[in-house]
Engineer: 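Please find one structure pasted underneath; my questions will follow.
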Amino acid sequence: MRWAWIFLLWGFFGSDPQAARIRETRPLMGTAVEVIAEGEDAAALRAGLEAAYREMNRLSDMMNHYDARSVVSAINDAAGVRAVATPPELAEVLAMARRVSQRTRGAFDVTIASIRGWRFRPDDPRMPAKADIDSQLHRVGWKNLVLAKNTAFLGKPGMRIDLGGIAKLYILRAGARVLERSGTQRAMVNGGGDVVVAGRKGSAPWNIGVRDPRKPDSLIGVLALDRGFVASSGDYERYFERGGRRYHHILDPRTGYPSEGPHGVTLVAARLEAVNGLGVAIMVLGKAEGVRLVERTPGLDALIADRDGSVWMSKGMRARLK
């Protein structure tokens with residue numbers, strides 16, 4: 001399991017010592033997804049956990065652009081030719097992606113996958129030639145993702161979408177909802193640094209440690225959260241270095257190259273819509289515009305670690321982070 005910027009701190013507090021507890025980690029969505037749940041009945045917890053993983057796998061299979069059988073791959077294959085029918089869950093994620101793109105003036109854009117040739121594996125890095133990037137940039141543009149009732153259409157041949165920046169939290173939330181319906185009293189679902197916390201009213205909070213992007217082996221603080229979402233974006237999870245420069249996986253839709261904004265962003269909110277996709281957008285927009293975006297979003301708390309080594313926190317984040 002690769003390190004996640006945000007991770008659970010063991011010794012979470014307030015737990016009922018009489019409650020049954022279950023914890024499991026499985027590979028999913030290119031990372032490791034960990035589920036920890038508490039409830040009154042161990043058998044019901046196990047059944048709920050299995051159902052949660054089945055639902056998350058189902059949605060991941062639907063939205064995985066690396067899988068040639070997925071609906072997202074069908075949309076990509078039909079670019080410039082025809083619209084493709086979309087299941088309700090995928091239609092919801094695509095609509096969410098368009099709203100975020102509109103709010104951020106395209107800083108978040110799922111059609112960035114139209115830029116091909118990058119590989120951010122340190123053992124086998126690949127960087128496309130500038131001429132190749134320049135020749136593909138005209139295909140990037142969220143406005144050419146046309147959504148109608150139960151269909152999606154990419155307006156230009158060669159366009160592609162990648163939902164990795166917005167589908168993961170949606171899928172983790174789906175798993176958490178299955179756990180809640182199964183009678184789980186409190187649960188945490190952690191997927192590569194994106195965290196969903198669920199629980200009945202009055203449930204004790206989880207202790208969630210936040211890594212310092214300037215010193216990734218250290219914590220910058222701890223969040224106590226009983227319900228809601230924590231989302232992380234950073235330039236040090238998937239990257240390679242060449243010529244003294246770090247090339248990371250968050251691409252700027254305006255250039256086709258890795259963003260040159262902050263080192264990392266942590267977002268916390270009670271609603272999925274308040275955090276989903278905004279971390280990537282802030283990485284592209286930079287600190288100043290990122291701060292304005294945070295301040296215009298009700299219920300959103302944020303930490304932005306900038307390239308100059310400074311750390312900005314919203315008033316709410318300063319109160320949350322211990």
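In what follows, residues are counted from 1 in the order of the sequence shown. Values below: every heavy atom of this structure, side chains too, minus hydrogens, waters and symmetry copies.
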Engineer: Does the R318 side chain pair with the main chain of M313, one donor and one acceptor, at a distance under 3.5 Å?
Structural biologist: yes
Engineer: How far apart are the closest heavy atoms of A20 and L45, and which atoms are they?
Structural biologist: O-CD1, 3.4 Å
Engineer: Any sub-3.5 Å donor-acceptor pair from K156's side-chain atoms to H138's backbone N or O?
Structural biologist: yes
Engineer: Please report the interatomic distance CZ(R186) to OG1(T184), rounded to the nearest 0.5 Å.
Structural biologist: 11.5 Å
Engineer: What do the steps show when you test L145 against M159 for side-chain contact (heavy atoms from CB on, under 4.5 Å), and what is the final call?
Structural biologist: CA-CA 9 Å; L145 171 59; M159 286 186 73; 5.6 Å; no
Engineer: Testing the basics here: between V84 and A78, what is the closest heavy-atom pair and its distance to 0.1 Å?
Structural biologist: CG2-CB, 3.8 Å
Engineer: Heavy-atom distance under 4.5 Å between the side chains of L303 and V311, does that happen here?
Structural biologist: yes
Engineer: When you measure from the side chain of K168 to the backbone of G191, do you find a donor-acceptor pair of N or O atoms at a distance under 3.5 Å?
Structural biologist: yes
Engineer: Are the side chains of L154 and R139 in touch, meaning some heavy atoms are under 4.5 Å apart?
Structural biologist: no
Engineer: I need the E34 CD to L28 CG distance, nearest 0.5 Å.
Structural biologist: 13.0 Å
Engineer: More than 12 non-hydrogen atoms from neighbouring residues, nucleotides or ligands closer than 6.0 Å to CZ on R58, yes or no?
Structural biologist: yes
Engineer: Quick one: pull up CG in L172 and CG in N190 and give me the separation to the nearest 0.5 Å.
Structural biologist: 8.0 Å
Engineer: With side chains defined as the heavy atoms from C-beta onward, is the minimum distance between P258 and I250 less than 4.5 Å?
Structural biologist: no
Engineer: Evaluate salt bridge (Lys or Arg N to Asp or Glu O under 4.0 Å) for E24 paired with R46, printing each intermediate quantity in order.
Structural biologist: CA-CA 10 Å; E24 193 150 332; R46 169 55 62 180; 2.8 Å; yes
Engineer: Shared ILVMFWY cluster between L137 and W118, side chains joined below 4.5 angstrom?
Structural biologist: yes
Engineer: Does any part of the side chain of V33, heavy atoms only, come nearer than 4.5 Å to the side chain of R26, both counted from C-beta?
Structural biologist: no
Engineer: For side-chain contact (heavy atoms from CB on, under 4.5 Å), just list the numbers for K130 and D134, CA-CA rounded to whole Å, side-chain angles, deciding distance to a tenth of an Å, and then say yes or no.
Structural biologist: CA-CA 6 Å; K130 183 178 184 302; D134 291 344; 2.7 Å; yes
Engineer: For residues Y170 and E92, is any side-chain donor paired with an opposing acceptor at under 3.5 Å?
Structural biologist: yes
Engineer: Is it true that E55 and R177 make a salt bridge, defined as a side-chain N closer than 4.0 Å to a carboxylate O?
Structural biologist: no
Engineer: Roughly how far, to the nearest 0.5 Å, is CG of L293 from CG of L300?
Structural biologist: 7.5 Å
Engineer: Given the rule that I, L, V, M, F, W and Y join up when any side-chain heavy atoms are under 4.5 Å apart, are M283 and F229 in one cluster?
Structural biologist: yes
Engineer: Just how far is it from atom CD1 of I133 to atom OG1 of T255, taken to the nearest 0.5 Å?
Structural biologist: 7.5 Å
Engineer: Is there a side-chain contact between W312 and V294 (heavy atoms, below 4.5 Å)?
Structural biologist: yes
Engineer: Taking H248 for its side chain and S259 for its backbone only, find out whether a donor-acceptor pair lies under 3.5 Å.
Structural biologist: yes
Engineer: Do L94 and L163 have side chains that get closer than 4.5 Å, going by heavy atoms?
Structural biologist: yes
Engineer: Do I304 and V291 come within less than 4.5 Å of each other through their side chains, counting heavy atoms only?
Structural biologist: yes
Engineer: Where do D162 and V110 land on the side-chain contact (heavy atoms from CB on, under 4.5 Å) test, with the steps shown first?
Structural biologist: CA-CA 5 Å; D162 175 359; V110 295; 6.0 Å; no
Engineer: Grouping I, L, V, M, F, W and Y whenever their side-chain heavy atoms are under 4.5 Å apart, do L169 and V265 come out in a common cluster?
Structural biologist: yes
Engineer: So, for F120 and Y239, is the gap between ring centers shorter than 6.0 Å?
Structural biologist: no
Engineer: Can you name the closest pair of heavy atoms from R173 and V196 and give their distance?
Structural biologist: N-CG2, 3.9 Å
Engineer: Return yes if some donor-acceptor pair links the side-chain N/O of S70 with the main-chain N/O of N64 below 3.5 Å, else return no.
Structural biologist: yes
Engineer: Side chains of S232 and R211: do they bring a donor and an acceptor to under 3.5 Å?
Structural biologist: no
Engineer: Hydrophobic clustering (ILVMFWY, side-chain heavy atoms < 4.5 Å, transitive) - are M317 and I208 grouped together?
Structural biologist: yes
Engineer: Under a 4.5 Å side-chain heavy-atom rule over Ile, Leu, Val, Met, Phe, Trp and Tyr, are F108 and I161 clustered together?
Structural biologist: yes
Engineer: What are the two closest heavy atoms between T266 and V210, and how far apart are they?
Structural biologist: OG1-CG1, 3.7 Å
Engineer: How close do A107 and V284 get, counting heavy atoms only, and between which atoms?
Structural biologist: O-CG2, 3.7 Å
Engineer: Check whether any side-chain N or O of D301 sits under 3.5 Å from a backbone N or O of V268 as a donor-acceptor pair, and report yes or no.
Structural biologist: no
Engineer: Between S114 and T111, do the side chains contain an N or O donor and an N or O acceptor separated by less than 3.5 Å?
Structural biologist: no
Engineer: State the NZ-OG1 distance between K149 and T86, to the nearest 0.5 angstrom.
Structural biologist: 11.5 Å
Engineer: Using every non-hydrogen atom in the two residues, find where G234 and H249 come nearest and quote the distance to one decimal.
Structural biologist: O-CE1, 3.8 Å
Engineer: When you look at R119 and D124, which way does the side-chain contact (heavy atoms from CB on, under 4.5 Å) test go after all the steps?
Structural biologist: CA-CA 7 Å; R119 178 179 287 178; D124 185 20; 2.5 Å; yes
Engineer: Indicate yes or no for a side-chain donor-acceptor contact from S60 to the backbone of M56 under 3.5 Å, with no hydrogens or angles considered.
Structural biologist: no
Engineer: Just by distance, do the side chain of S73 and the backbone of R69 share a donor-acceptor pair under 3.5 Å?
Structural biologist: no
Engineer: With a 4.5 Å heavy-atom cut-off, do Q102 and R98 have their side chains touching?
Structural biologist: no
Engineer: Checking D235 side chain against G264 main chain: does a donor-acceptor pair fall under 3.5 Å?
Structural biologist: no
Engineer: Quick one: does any side-chain atom of R227 pair with a main-chain N or O of G199 as donor and acceptor, under 3.5 Å?
Structural biologist: yes
